[in-house]
Trainee: 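Below are the structure tokens for one structure; questions will follow.
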Amino acid sequence: MESIFYVLLRGLAIGVLISAPMGPIGMLVIQRTLNKGRWPAFFTGIGASVSDMFYCILTGAGIAFITDFINSQQFILQLVGSAVLAVFGVYLFRKNPARRVNPKDDSVPKSYWTDMVSGFLLTFSNPLILFFIIGLFARFNFLLPEYRYYHYILGYLSIAIGAMAWWLIITFLVNKMRAHFNVRSLYIINRIIGGILVAFALVSLITAFI
């Protein structure tokens, strides 16, 4: 019973730490919270969490194989990731937020699938996060030979819960500050975050050729 408790705690910690670094996906979640509201941003984070879970399961299934694959295909992976970041950055930079601050029309059905898919793709395009996950798994002793299958089921579920809890908290806090932003400030934020994403893409592209 004690081992299950520790697996749950470690999984929650890993889930939060995977999501916490304020990289491109964090920037996108903040931008969407300010422009579209809390729930579209939260589902963007959910998409990122699904991608993170996919990489966590891959890591648990075969660390050596995955590491070898990333090392052998690192150039292509960085090019693809840079392209995805650049597309998101240019889109945000050119986006007009004025129509997003109009009163909400509850009669229009909402679909969060596009937000979720974009969050998944942006996170999935950076498989180098596997090295971070491997480091977290090693730091928290998440993969131990004495663990049974139910330990890992609970562990992966707790990772997902930790990641989703992080995005729930972040979107809640940013949404609370949303009333302090007008159309002009949202326009500036779009350009700043779009520029940051393009900068991420350029840095990734440059390091791919070094």
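These values consider heavy atoms only, across backbone and side chains, with no hydrogens, waters or symmetry-generated copies.
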Trainee: Going through the distances and angles, do Trp167 and Ile46 end up as a side chain to side chain contact (heavy atoms under 4.5 Å, CB included)?
Mentor: CA-CA 8 Å; Trp167 296 121; Ile46 292 297; 5.8 Å; no
Trainee: Taking a hydrophobic cluster as the set of Ile, Leu, Val, Met, Phe, Trp and Tyr residues connected by side-chain heavy atoms closer than 4.5 Å, whether directly or through intermediates, do Leu17 and Ile169 fall within one such cluster?
Mentor: no
Trainee: Quick one: CD1 on Ile159 to CG on Leu12, what's the gap to the nearest 0.5 Å?
Mentor: 9.0 Å
Trainee: Please verify the inter-ring angle class for Tyr156 with Phe137; under 30° counts as parallel, over 60° as perpendicular, anything in between as tilted.
Mentor: tilted
Trainee: Go through the steps for Leu168 and Arg38 under the test side chain to side chain contact (heavy atoms under 4.5 Å, CB included), then give the verdict.
Mentor: CA-CA 9 Å; Leu168 197 64; Arg38 181 183 180 187; 3.5 Å; yes
Trainee: Could you go through the ring pair (Phe, Tyr, Trp, His ring centres under 6.0 Å) check for Phe54 and Phe120 one step at a time?
Mentor: CA-CA 10 Å; Phe54 176 77; Phe120 175 86; 7.4 Å; no
Trainee: For the atom pair CD1 (Ile4) and CD1 (Ile153), what is the distance rounded to the nearest 0.5 Å?
Mentor: 11.0 Å
Trainee: Would you say Val117 ends up clustered with Leu122 if hydrophobic residues are merged whenever their side chains have heavy atoms under 4.5 Å apart, either directly or through other cluster members?
Mentor: yes
Trainee: Do the side chains of Phe172 and Leu34 join up, straight or via other hydrophobic residues, at under 4.5 Å, putting them in one cluster?
Mentor: no
Trainee: How long is the gap from OG1 on Thr33 to CE on Met177, to the nearest 0.5 Å?
Mentor: 9.0 Å
Trainee: To the nearest 0.5 Å, how far apart are CD1 in Ile133 and CD1 in Ile18?
Mentor: 4.5 Å
Trainee: Any side-chain heavy atom of Ile14 sitting closer than 4.5 Å to one from Phe142?
Mentor: yes
Trainee: Would you say Leu173 ends up clustered with Ile30 if hydrophobic residues are merged whenever their side chains have heavy atoms under 4.5 Å apart, either directly or through other cluster members?
Mentor: no
Trainee: State the CZ-CG distance between Phe5 and Leu154, to the nearest 0.5 angstrom.
Mentor: 13.0 Å
Trainee: Hey, mind stepping through Phe124 and Tyr55 against side chain to side chain contact (heavy atoms under 4.5 Å, CB included) and telling me if it holds?
Mentor: CA-CA 8 Å; Phe124 189 75; Tyr55 283 131; 3.5 Å; yes
Trainee: Aromatic rings Trp39 and Phe42: how do their planes relate, parallel, tilted or perpendicular, breaks at 30° and 60°?
Mentor: perpendicular
Trainee: Taking the side chain from Ser51 and the backbone from Gly47, do they hold a donor-acceptor pair closer than 3.5 Å?
Mentor: no
Trainee: By salt bridge (charged side-chain N to carboxylate O under 4.0 Å, His left out), which residues pair with Asp115, not counting sequence neighbours?
Mentor: Arg32, Lys36
Trainee: In Å and rounded to the nearest 0.5 Å, what is the OG to CD1 distance from Ser49 to Ile161?
Mentor: 11.5 Å
